[in-house]
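Structure record follows, encoded as structure tokens.
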Amino acid sequence: MATKGINNIQQALLHWFYANKRELPWRETKDPYLIWVSEIMLQQTKVDTVIPYYKAFIKEFPTINHLAEAKEERVLKRWEGLGYYSRAKNLHRGVKEVKESYMGEVPKDKETLLKIPGIGDYTAGAILSIAYQKEEPAIDGNVLRVITRIFRIFEDINKVSTKREVEGLVKELIPAEDPSAFNQGLMELGALICTPKSPKCGECPVQPFCESEKYNEQLFLPIKKKKKKIPNVYRISLIIADDKHILLTQRPKEGLLADLWELPSIEQEQPLSEEEWQLLIHQQFGEEIELGEKWGSLKHIFSHKKWLIEVYRANFSKMDISMMEKEKNKNKHQFNVIKRENLKELPFPRVYQEIIKEFRI
DNA sequence: AATCCGGGGAC
DNA sequence: GTCCCAGGATT
């Protein structure tokens with residue numbers, strides 16, 4: 001089974017990783033804080049997407065102290081467009097916690113790390129192995145795919161029992177010499193060679209040890225239960241603006257797109273006619289707001305719902321926008337009057353970024 | 001154990 | 001367009 005004198009998985013993987021690893025910004029450091037930031041960003045997110053965000057983020061928040069002292073809105077602004085915004089809020093909270101409770105030093109043991117918001121099993125293992133060279137597994141989706149293929153594990157990878165089984169195997173494999181390279185090697189292999197759809201088994205350093213490849217069953221692994229299909233949500237968004245202002249709302253502090261800003265909007269489970277929308281707009285935003293010219297349509301898919309958005313300009317009578325500023329205090333309106341010159345400071349969901357750009361001054 | 005959180009890329 | 005991908009928190 002040996003090839004070129006390599007007779008175990010560890011050696012094959014390490015050898016391959018040293019020769020083939022990508023040069024990535026977070027691979028230039030061992031700073032546990034920077035490793036932490038990168039691992040949070042890399043959750044559910046591809047490397048190519050993360051790179052520019054990571055660079056901008058650590059430029060503005062180069063140390064734990066910088067991030068701990070930052071305003072949350074600045075942190076969200078740096079996360080704008082990256083998605084899963086609770087990651088940013090938890091990272092911010094977690095860094096403050098490290099500063100206050102651990103004298104600014106990222107903990108070196110798993111139990112303590114797991115208490116920090118946003119750090120779970122995977123991220124704790126990644127920080128410990130990559131920053132501190134601890135022999136801790138870091139099981140992400142790539143590793144689950146690689147290991148279930150190598151060892152031909154036909155159990156649902158979403159089950160806790162399967163993850164425990166994989167964790168046990170990785171613990172046995174992980175070499176004391178370089179746990180960091182081994183864990184990163186497993187993930188890098190999953191990202192570059194052992195890919196979900198078209199694995200490049202001919203180029204795989206671990207191919208001689210891969211059970212599923214022997215039986216040509218790679219494409220059946222890993223096993224996971226499929227999710228159900230997602231409902232449509234019908235949404236109308238309003239452009240209420242003059243030369244210098246635009247009316248916006250800030251989303252709730254928790255839940256979907258938490259704390260981000262957006263156009264004033266109404267949602268329904270069923271599609272409505274223009275007349276029916278108009279009625280809801282009067283109830284929601286006041287009698288002086290009238291549906292105007294249609295600006296266009298937007299669509300946005302989340303994990304479990306799909307937004308179908310119709311964007312309209314609004315006509316407003318009886319008062320101008322600066323009057324609405326005063327009306328706001330009566331709690332009659334559910335929006336804020338924003339100076340268009342300040343739009344660049346506010347974080348928006350991806351789906352609204354293009355349209356907001358049109359109104360920036 | 002199941003569901004909630006975005007966005008990008010393959011096809 | 002449709003499908004696939006994937007950690008942590010919450011329920």
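So you know, we letter chains A, B, ... as the sequences are listed, proteins then strands, and number each from 1. FYI, side chains are in, hydrogens and waters are out, and symmetry mates aren't considered; it's all heavy atoms of this structure.
Between the side chain of A:Lys134 and the backbone N or O of A:Ala126, no donor-acceptor pair lies under 3.5 Å.
With C:dC5, C:dG8, B:dG6 as the candidates, the nucleotide lying closest to the side chain of A:Tyr122 is C:dG8. Closest to the side chain of A:Gln44, out of C:dA6, C:dG8, B:dA2, is C:dA6. For A:Val160, the side-chain atoms get nearest to B:dA1 when compared with the rest of C:dG7, B:dA1, C:dT2. Listed nucleotides C:dG1, B:dG6, C:dG8 differ in distance to A:Lys299; the shortest reach to its side chain belongs to C:dG1. The A:Lys197 side chain lies nearest to B:dC11 when the options are B:dC11, B:dG6, C:dG8. Distances were taken from every side-chain heavy atom of A:Lys46 (C-beta onward) to each of B:dC5, C:dC5, C:dT2; the shortest belongs to C:dC5.
Regarding contacts with the backbone of B:dG7, a side-chain N or O of A:His300 is found under 4.0 angstrom from either OP1 or OP2. Taking only side-chain nitrogens and oxygens, A:Lys224 never comes nearer than 4.0 Å to OP1 or OP2 of C:dC4. A sub-4.0 Å separation between OP1 or OP2 of B:dG7 and a side-chain N or O of A:Tyr85 is present.
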Please list each protein N or O that sits under 3.5 Å from an N or O in nucleotides 9-11 of chain C, with the distance.
residue : atom : partner  : partner atom : Å
C:dA9   : OP1  : A:Gly118 : N            : 2.5

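For A:Tyr312 and A:Trp277, the ring centers sit 6.0 Å or farther from each other.
As judged by a 4.0 angstrom heavy-atom cut-off over every strand, A:Ser86 is placed among residues making no nucleic acid contact. Residue contacts shown for A:Asp48 are absent, as no nucleic acid heavy atom lies under 4.0 Å away. Residue A:Asp121 is in sugar-phosphate contact alone, with no base atom involved, counting any heavy-atom pair closer than 4.0 Å across all strands shown.
DNA chain B is contacted by both A:Ser161 and A:Val351; A:Ser161 maps to the nucleotide lying nearer its 5′ end (nearest heavy atom per residue). Across the interface with DNA chain B, nearest-nucleotide mapping of A:Lys159 and A:Ser198 shows A:Lys159 to be the residue nearer the 5′ end.
Rounded to a whole angstrom, the distance from the P atom of B:dC5 to that of C:dC5 is 22 Å. Using atom C1' as the reference point in both B:dC4 and C:dA6, the two lie 14 Å apart (nearest Å). Comparing C:dG7 with B:dA10, their C1' atoms are spaced 22 Å from each other, to the whole Å. Distance noted for atom P between C:dT11 and B:dG6: 16 Å (whole Å).
Under 3.5 Å, the side chains of A:Thr162 and A:Glu165 contain no donor-acceptor pair of N or O atoms. With no hydrogens or angles considered, a side-chain donor-acceptor pair links A:His282 and A:Glu290 at under 3.5 Å.
A cation-pi contact links A:Arg152 to A:Tyr215, judged by a cut-off of 6.0 Å to the six-membered ring centre and 45° from its axis.
Regarding A:Leu113, its CG atom lies at a distance of 15 Å from the C1' atom of C:dG7, rounded to whole Å. A:Met41 has its CE atom 14 Å from the C1' atom of B:dG7, to the nearest Å. Rounded to whole Å, the distance from CG on A:Leu82 to P on B:dG6 is 11 Å. Look at CG on A:Asn158: it is 9 Å from C1' on C:dA6, rounded to the nearest Å. Following rounding to the nearest Å, A:Tyr84 (OH) and C:dG8 (C1') show an atom-to-atom distance of 10 Å. One atom, NZ of A:Lys225, and another, C1' of C:dC4, lie 18 Å apart when rounded to the nearest Å. One atom, CD1 of A:Ile157, and another, P of B:dA1, lie 15 Å apart when rounded to the nearest Å. One atom, CD1 of A:Ile139, and another, P of C:dG7, lie 10 Å apart when rounded to the nearest Å.
With rounding to the nearest 0.5 Å, the separation of CG in A:Asn183 from CZ in A:Phe17 is 10.0 Å.
Taking 3.5 Å as the limit, the base of C:dG8 and the side chain of A:Gln43 contain no donor-acceptor pair of atoms between them.
Relative ring orientation between A:His300 and A:Trp307 is described as tilted, the plane-to-plane angle lying within the 30° to 60° band.
The hydrophobic cluster analysis finds A:Met103 isolated: no Ile, Leu, Val, Met, Phe, Trp or Tyr side chain comes under 4.5 Å of it, directly or through other members.
With sequence neighbours excluded, the residues that form a ring-ring contact (aromatic ring centres under 6.0 Å, His included) with A:Trp26 are A:Tyr54.
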